[in-house]
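For reference, the structure discussed in these notes is given below.
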Amino acid sequence: MSETSATTETGEPASRPRKSSWKYIGPGIVVAATGVGAGDLVATLIAGSKFGYTLMWAAVIGCVVKISLAEAAGRWHLATGRTLFDGWRSLGPWTTVYFAIYVVVWGFIYGATAMSSSALPIVALFPDGPGLKFWAIATGLIGLVFVWFNRYAVFEKVMTVLIGIMFVVVVYVAIRVVPDVGASFAGLLPVLPDGSLLYTLGLIGGVGGTITMAAYGYWVNAKGWSNSSWMKVMRLDNRVAYITTGLFVVAMLIVGAELLHASQIALTSGDRGLVDLGKVLEDRFGAGTAKLFLIGFFATSFSSLIGVWHGVSLMFADFVERFRAPAAGAQQAEEHAGPAVTERQQRSLPFRAYLLWLTFPPMTLLWLDQPFGLVIAYGVLGAFFMPFLALTLIWLLNSSRTPGEWRNGWVSNGMLALSGLLFIVLCVQQVRDLPW
């Protein structure tokens, strides 16, 4: 693949290979902050409360699976100079049909979910203030204004602050409950207690596994990384992201095991489970720890909100651009990805239209029960996305669309195949659990 002589945001020529360096890290922090939502933390807490430390090994495997998936998405962008949707489009029109339906239905329901999740800890912190709907609408509007008027550099800094708050709070709570170090290491041995299969699969595949993994390549481009000279940097960045995610999962498993498992305390499923945990923490450690935890809960939820507002809007903007333009050939690759394209897309009409779609139509769901048919469509389309991502990445990265040097080796193929199989099993289970 030919490389350009353009300069990046660091002022260095884009053709010179970079050494992996901590100073470049950013997109990985963004994808970690976006991918870990309040619902993921509750699912991990419940796994810890039911099985103690026994499933710690599943959290570690999940971390490795996510590293492999995000690395593949980032490698596609850097090795080919083409966006992920550009690659999907080259596989046939079925990908366009699926993504078009998915991104519209998913955005409509996710918008309401993200706003409610961000509002819950605020209501718990200020019970005498306005209600959930007020704060949900307020967080949605704040997210809209923030993403509308800020470019990637500011967005990344804010996400770094939010994940810093998340990390400090979650680790602090895990330390306060006094983890059993011996049991933690014993939990690294792969064991499946009775009734734990679905919790195990959920731990491996759930935390940090959303459409934001596909957005990683777009954030890589927005950072100024546009060709294969950035490959080592991207890989370090990606590992930092999912090791951080793994630490979140381990910390929440510890809290579930120590605080809930021994006392047989049950949490409400979904985001409200974290409000329950706040009450448990208040009873055990006092109001100060409970309030600190609720601040961490807000950072977790709001980082997911603005991450999706930015990342999925970028994907939608690229989708519209690719849909309007003829399929890109290899000789056109450098025109279809990279920081200049991403900067333009952040100011584009499709980017802002999808921002509005994520914000305003979902507000109607705050007053209504989610329509049955919409819940079914959301569940089916969403369950299929992660297998779709894993299997299409295998296809793209083993074909002539990718320069030979950067195609999958046996390790990458093995990890992507494993993740694809895992997500297919989870997909079937999610669809079976829907309220048909």
Side-chain angles (χ1 to χ4, degrees), residues 1-4 14 17 27 31 64-103 209 211-221 225-235 238 314-316 318-338 341-342 384-424 427:
M1 186 189 76
S2 62
E3 292 186 344
T4 69
V31 79
V64 175
V65 166
K66 303 307 186 312
I67 287 173
S68 302
L69 267 172
E71 187 275 341
R75 177 156 43 97
W76 166 264
H77 275 250
L78 296 181
T80 66
R82 300 167 72 177
T83 65
L84 187 53
F85 187 79
D86 201 16
W88 285 340
R89 192 169 179 227
S90 73
L91 301 178
W94 66 275
T95 58
T96 301
V97 173
Y98 166 69
F99 187 78
I101 298 171
Y102 170 71
V103 79
I211 190 175
T212 54
M213 295 193 71
Y216 178 60
Y218 291 85
W219 285 321
V220 161
N221 289 154
W225 309 345
S226 57
N227 56 46
S228 59
S229 68
W230 290 99
M231 202 69 75
K232 285 185 177 180
V233 176
M234 181 275 292
R235 284 170 168 163
N238 174 48
L314 262 183
M315 291 184 70
F316 183 77
D318 184 56
F319 162 72
V320 172
E321 193 169 293
R322 297 286 78 75
F323 186 73
R324 288 174 176 172
Q331 72 278 8
Q332 298 172 294
E334 291 170 358
E335 301 173 9
H336 289 271
V341 172
T342 306
F384 184 62
F385 183 79
M386 291 304 287
F388 169 79
L389 176 62
L391 298 176
T392 53
L393 282 171
I394 291 176
W395 191 346
L396 291 169
L397 292 168
N398 283 287
S399 72
S400 58
R401 298 172 182 84
T402 304
E405 177 186 1
W406 300 112
R407 288 178 198 163
N408 278 358
W410 67 270
V411 174
S412 295
N413 276 326
M415 291 306 302
L416 288 175
L418 174 65
S419 62
L421 178 62
L422 166 72
F423 289 123
I424 287 171
C427 173

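The figures that follow rest on heavy atoms only: side chains count, while hydrogens, waters and symmetry mates do not. Numbers here simply count residues along the sequence, with the first being 1.
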Practice problem: Using a 4.5 Å cut-off on heavy atoms from C-beta on, say whether the side chain of I67 contacts that of M415. | Solution: no

Quiz item: Within the side chain of T402, is there an N or O that forms a donor-acceptor pair under 3.5 Å with the backbone of L396?
Solution: yes

Practice problem: Tell me, please, which residues at least two apart from S399 pass side chain to side chain donor-acceptor pair (under 3.5 Å). | Solution: R401

Practice problem: Compare all side-chain heavy atoms of Y102 with those of I211 and state whether any distance is below 4.5 angstrom. | Solution: yes

Quiz item: Would you say the side chain of L389 lies within less than 4.5 Å of the side chain of S419, judging by non-hydrogen atoms?
Solution: no

Self-check item: With sequence neighbours excluded, residues passing side chain to side chain contact (heavy atoms under 4.5 Å, CB included) with A72
Solution: R75, L393, L397, L416

Quiz item: Do the side chain of S228 and the main chain of M231 share a donor and acceptor less than 3.5 angstrom apart?
Solution: no

Practice problem: Supply the atom-to-atom distance M213 CE to F385 CZ, rounded to the nearest 0.5 angstrom. | Solution: 9.5 Å

Exercise. Identify, with sequence neighbours excluded, every residue that meets ring pair (Phe, Tyr, Trp, His ring centres under 6.0 Å) alongside Y218.
Key: H77

Exercise. State which residues pass side chain to side chain donor-acceptor pair (under 3.5 Å) with N398; sequence neighbours excluded, sorted by chain then number.
Key: N413

Quiz item: Who passes ring pair (Phe, Tyr, Trp, His ring centres under 6.0 Å) against W88, sequence neighbours left out?
Solution: F99, F388

Quiz item: How many angstroms lie between atom CE of M315 and atom CZ of R322, to the nearest 0.5 angstrom?
Solution: 12.5 Å

Quiz item: What residues form a salt bridge (charged side-chain N to carboxylate O under 4.0 Å, His left out) with R407, not counting sequence neighbours?
Solution: none

Practice problem: State, with a plain yes or no, whether a side-chain heavy atom of N238 is found less than 4.5 Å away from one of V31. | Solution: no

